[in-house]
K.L.:
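To start, I am sharing the structure in question, which I have written as structure tokens.
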Amino acid sequence: MKVVKFGGSSLASAEQFAKVGKIIRADEQRKYVVPSAPGKRNAKDTKVTDMLYGCYAAAEAGENFKEKLAAIKARYDEIIKGLSLSLSLDDEFKKIAENFKKKAGKDYAASRGEYLNGIIMANFLGYEFVDAAEVIKFDMEGNFDAERTNELLTARLEGVERAVVPGFYGSYEDGRVKTFSRGGSDITGSIVAKAVKAEVYENWTDVSGFLIADPRIIDNPKGIETITYRELRELAYMGASVLHEDAIFPVRNEGIPINIKNTNAPEDNGTWIVESTCQKSKYVITGIAGKKGFCSVNVDKAMMNSEVGYGRRVLQAFEENGISFEHVPSGIDTMTVFVHQDEFMHKEQKVVSALHRLAKPDYIDIESDLALIAVVGRGMKSTRGTAGRIFSALAHANVNVKMIDQGSSELNIIIGVANEDFETAITAIYDIFVVTRI
Ligand code: ASP
């Protein structure tokens, strides 16, 4: 059987709900449904989740929030009416208003978006509604409790032929609602897929899967047909965002593939995310992603290669200041630490003095406004000349490469360039592997 999760834009209006109904009914196997809250109907619209945050902020400040809540109710009523359902959310909204007055919390407020959409979805499909607060659990530190959740969810769904479980939230042991981070319905879908041992976890959104490169940089980039979990981790970490980063963990060890599908073009294959595959990607590389806004801190010291503990002392200077590092390429007498500029900037001089105290380097050189680009592909391992092609493409495009880091997994090559060269570099790499394929 399949677990199907629908994102906010897939459920933003009655019209979208109707498409979703058609998709679910087209396949008997689509037995467990995880909805998001209604998202944007157009570019200028506001997501219901954001409306709820806004409304609750007013309630918390002791302001009158009636109108804001009425606007939220109107979104749901429009869907109910458009689908001609005989369902009223009046009592639910009364309860929500009371709880807002009692300051039930921001997470409770935000979770109502999925909760109410779940009630509508269950009514629309004739499926059983299962409140996520009953079955998705967090420990008192706020960490997701995978084991307890799996126990509860498996038991609850046993014998339930078809169900709707709203995304994005769960609860602490004491019953208080807690949400995942934004976009967290993706995680719920994955958790449900694991609990019911689904054959596939379909994640329906408004794009036909992952693209090889960011469409804001490359005009109409090609899609990715199949990607492994590990490749996805690399790309997601570098900013490719179609799926919540944490959504892969529950299904990953169960061998359940994720299929990203487009609600507005259901016939498209979308992207398959799998553990491993013998399917070769068409283009040697699977995807390119990157981020701007890094600093490099070069810490030079003659003979550092023979000084035991040097690397640890350098990194300690960052750790002491609560800064995590991204990459640490090194040479014989130099070690470079890449950090996020916004995190590093205001602690810069503290780190420099800690470096002097701990590592006693000859000198320190800081460079800012750098971008990192990850070229990811399981095919690189068995293809000669990938790195050569990347660097000749960059040289032809007049891009100066500041850093190169190829992980031993041979799954990716990470390149550091100046922020201002970021788009040119991505275009050059895309062109050489996908457009001209030379
Ligand atoms: N509705 C929540 C959000 O806007 C969760 C989700 O859509 O996955 O982030």
Side-chain angles (χ1 to χ4, degrees), residues 3-13 16-17 19-20 32-57 68-69 71-73 75-76 79 89 92 96 104-122 129-133 135-136 138 142 144 149 164-171 177-194 201-207 209-210 232 236 239-251 258-264 273:
V3 168
V4 288
K5 179 261 170 181
F6 289 88
S9 57
S10 300
L11 300 168
S13 63
Q16 290 298 87
F17 253 83
K19 284 187 200 167
V20 167
Y32 300 98
V33 181
V34 175
S36 280
K40 292 183 183 190
R41 291 162 292 187
N42 52 59
K44 284 196 201 116
D45 206 9
T46 311
K47 283 178 157 199
V48 163
T49 308
D50 291 310
M51 296 171 85
L52 283 160
Y53 279 125
C55 181
Y56 185 70
K68 287 194 163 77
L69 197 59
I72 295 166
K73 185 162 186 294
R75 290 285 310 260
Y76 288 104
I79 295 171
L89 294 178
E92 293 291 350
I96 292 171
K106 204 170 147 204
D107 281 15
Y108 165 80
S111 75
R112 296 305 87 186
E114 281 47 29
Y115 170 81
L116 296 166
N117 232 17
I119 292 177
I120 297 180
M121 180 66 93
F129 175 78
V130 174
D131 188 353
V135 284
I136 307 250
F138 292 85
F144 170 60
T149 297
V164 173
V165 184
F168 191 38
Y169 71 95
S171 70
V177 167
K178 157 118 184 85
T179 63
F180 291 107
S181 57
R182 293 301 301 266
S185 299
D186 287 339
I187 310 174
T188 311
S190 186
I191 293 166
V192 175
K194 174 181 166 153
Y201 165 28
E202 288 181 348
N203 188 296
W204 291 81
T205 176
D206 52 7
V207 288
F210 283 89
L232 180 62
S241 62
V242 171
L243 188 73
H244 192 295
E245 254 196 284
D246 294 341
I248 60 175
F249 296 113
V251 289
I258 306 174
N259 188 194
I260 308 283
K261 297 273 286 174
N262 188 348
T263 301
N264 305 315
I273 308 167

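Predicted model only: the values in this text are computed from it and were never measured. Just follow the structure's listing: the first ligand is 1, and inside any ligand the first atom is 1.
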K.L.:
Does even one non-hydrogen atom of Gly167 get within less than 4.0 Å of ligand 1?
P.N.:
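False for this residue.
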K.L.:
If you take all heavy atoms of Pro35 and Val165, which pair is closest and at what distance?
P.N.:
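Scanning both residues completely, I find the closest heavy atoms to be CD-O, 3.3 Å.
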K.L.:
Identify whether the distance between the nearest side-chain nitrogen and carboxylate oxygen of Asp206 and Lys40 falls below 4.0 Å.
P.N.:
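Salt bridge: no.
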K.L.:
What protein heavy atom lies closest to atom 4 (O) of ligand 1? Include the residue and the distance to one decimal.
P.N.:
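Going by distance alone, atom 4 (O) of ligand 1 is nearest to Arg182 NH2, 2.9 Å.
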K.L.:
Tell me the nearest of Lys40, Glu114, Lys5 to atom 5 (C) of ligand 1, using heavy-atom distances.
P.N.:
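Residue with the shortest heavy-atom distance to the ligand atom: Glu114.
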K.L.:
Looking at ligand 1, is there an atom of it that comes within less than 4.0 Å of some heavy atom belonging to Gly8?
P.N.:
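For ligand 1, residue contact (heavy atoms, under 4.0 Å) with Gly8 is absent.
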K.L.:
Identify, for atom 7 (O) of ligand 1, the protein heavy atom at the shortest distance, and state residue, atom and that distance.
P.N.:
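Answer, as residue, atom name and distance: Ser36 OG, 3.1 Å.
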K.L.:
Please report which non-hydrogen protein atom sits nearest to atom 6 (C) of ligand 1, along with the residue it belongs to and the distance in Å to one decimal place.
P.N.:
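Ranking protein heavy atoms by distance from atom 6 (C) of ligand 1, first comes Ser185 OG, 3.4 Å.
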K.L.:
Counting both backbone and side chain atoms, is some N or O of Ala37 under 3.5 Å from an N or O of ligand 1?
P.N.:
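For ligand 1, there is no N or O atom that lies under 3.5 Å from one belonging to Ala37.
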K.L.:
How about Phe138 and Phe180: are their ring centroids closer than 6.0 Å?
P.N.:
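When the ring centroids of Phe138 and Phe180 are compared, they turn out to be within the sub-6.0 Å range.
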K.L.:
Is the side chain of Asp186 donor-acceptor paired with the backbone N or O of Ala247 at a distance under 3.5 Å, no angle test?
P.N.:
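Side chain of Asp186 to backbone of Ala247: no pair is present.
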K.L.:
Should the ring pair Phe6 and Trp204 be called parallel, tilted or perpendicular, given that the plane angle runs from 0 to 90° and is split at 30 and 60?
P.N.:
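Taking Trp204 first and then Phe6, their aromatic rings lie parallel (interplane angle under 30°).
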K.L.:
Given 3.5 Å as the limit, does a donor-acceptor pair link the side chain of Thr188 with the main chain of Phe168, or not?
P.N.:
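Yes.
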